[in-house]
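Below is one structure, written out as structure tokens; the observations come after it.
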Amino acid sequence: MKTTGQIRAELPPELDEGEREALVALALRLEATRPSPSTGFRDQLRQRLLPRRLPAASRPALAAAYAVAGSLLLALAAAGLAGVGPFGAG
């Protein structure tokens, strides 16, 4: 929660003192009455946003798929440097 000094520091300096005090009071009131989400909603949101862990059995298959894809990309780059293929200077 912000303090009165932090709120005042964010206000433009050209405001007169009455407007400044009214805005500070409004900001404090809005922060005090701000509703917080229910525990159930926060738990559901956390489950949706946090990464899911893969089962241990599928990790080697995923690592192999990444290795194959990387090898294919390296082969394509090498072919391009040799002047062959879709990216060749040919």
Side-chain angles (χ1 to χ4, degrees):
M1 192 172 212
K2 291 185 179 182
T3 64
T4 304
Q6 290 171 327
I7 295 170
R8 280 194 179 126
E10 293 178 1
L11 294 174
E14 62 269 5
L15 290 177
D16 67 11
E17 194 58 34
E19 287 177 317
R20 183 179 298 276
E21 290 303 318
L23 287 174
V24 168
L26 176 63
L28 290 173
R29 190 178 79 214
L30 288 174
E31 281 198 20
T33 60
R34 180 180 177 194
S36 62
S38 69
T39 305
F41 173 78
R42 289 189 309 238
D43 289 340
Q44 287 177 350
L45 183 62
R46 183 180 298 113
Q47 288 175 358
R48 289 179 57 196
L49 293 178
L50 290 179
R52 292 184 180 93
R53 302 205 112 234
L54 291 175
S58 67
R59 288 184 193 149
L62 185 61
Y66 284 142
V68 168
S71 299
L72 289 174
L73 288 173
L74 284 173
L76 182 65
L81 288 174
V84 184
F87 300 114

Mind checking what makes side-chain hydrogen bond (donor to acceptor under 3.5 Å, both in side chains) contact with Thr39, not counting sequence neighbours?
-> Arg42

Please name all residues satisfying salt bridge (Lys or Arg N to Asp or Glu O under 4.0 Å) with Arg46, sequence neighbours left out, ordered by chain then number.
-> Asp43

With sequence neighbours left out, which residue pairs that include part of residues 47-75 fulfil the side-chain hydrogen bond (donor to acceptor under 3.5 Å, both in side chains) condition?
-> none

Who pairs with Pro13 by side-chain contact (heavy atoms from CB on, under 4.5 Å), at least two apart in sequence or on another chain?
-> none

Verify the cluster assignment for Ile7 and Leu15: are they in a single hydrophobic cluster under the rule of side-chain heavy atoms below 4.5 Å apart?
-> yes

Besides Leu45, the hydrophobic cluster formed by Ile, Leu, Val, Met, Phe, Trp and Tyr side chains linked at under 4.5 Å, directly or via other members, contains Phe41, Leu49

Sequence neighbours excluded and cut-off under 3.5 Å, please list the side-chain donor-acceptor pairs for residues 21-32, or say none.
| residue | atom | partner | partner atom | Å |
| --- | --- | --- | --- | --- |
| Glu21 | OE1 | Arg8 | NH2 | 3.0 |
| Glu21 | OE2 | Arg8 | NE | 3.3 |
| Glu21 | OE2 | Arg8 | NH2 | 2.5 |
| Glu31 | OE1 | Lys2 | N | 3.2 |

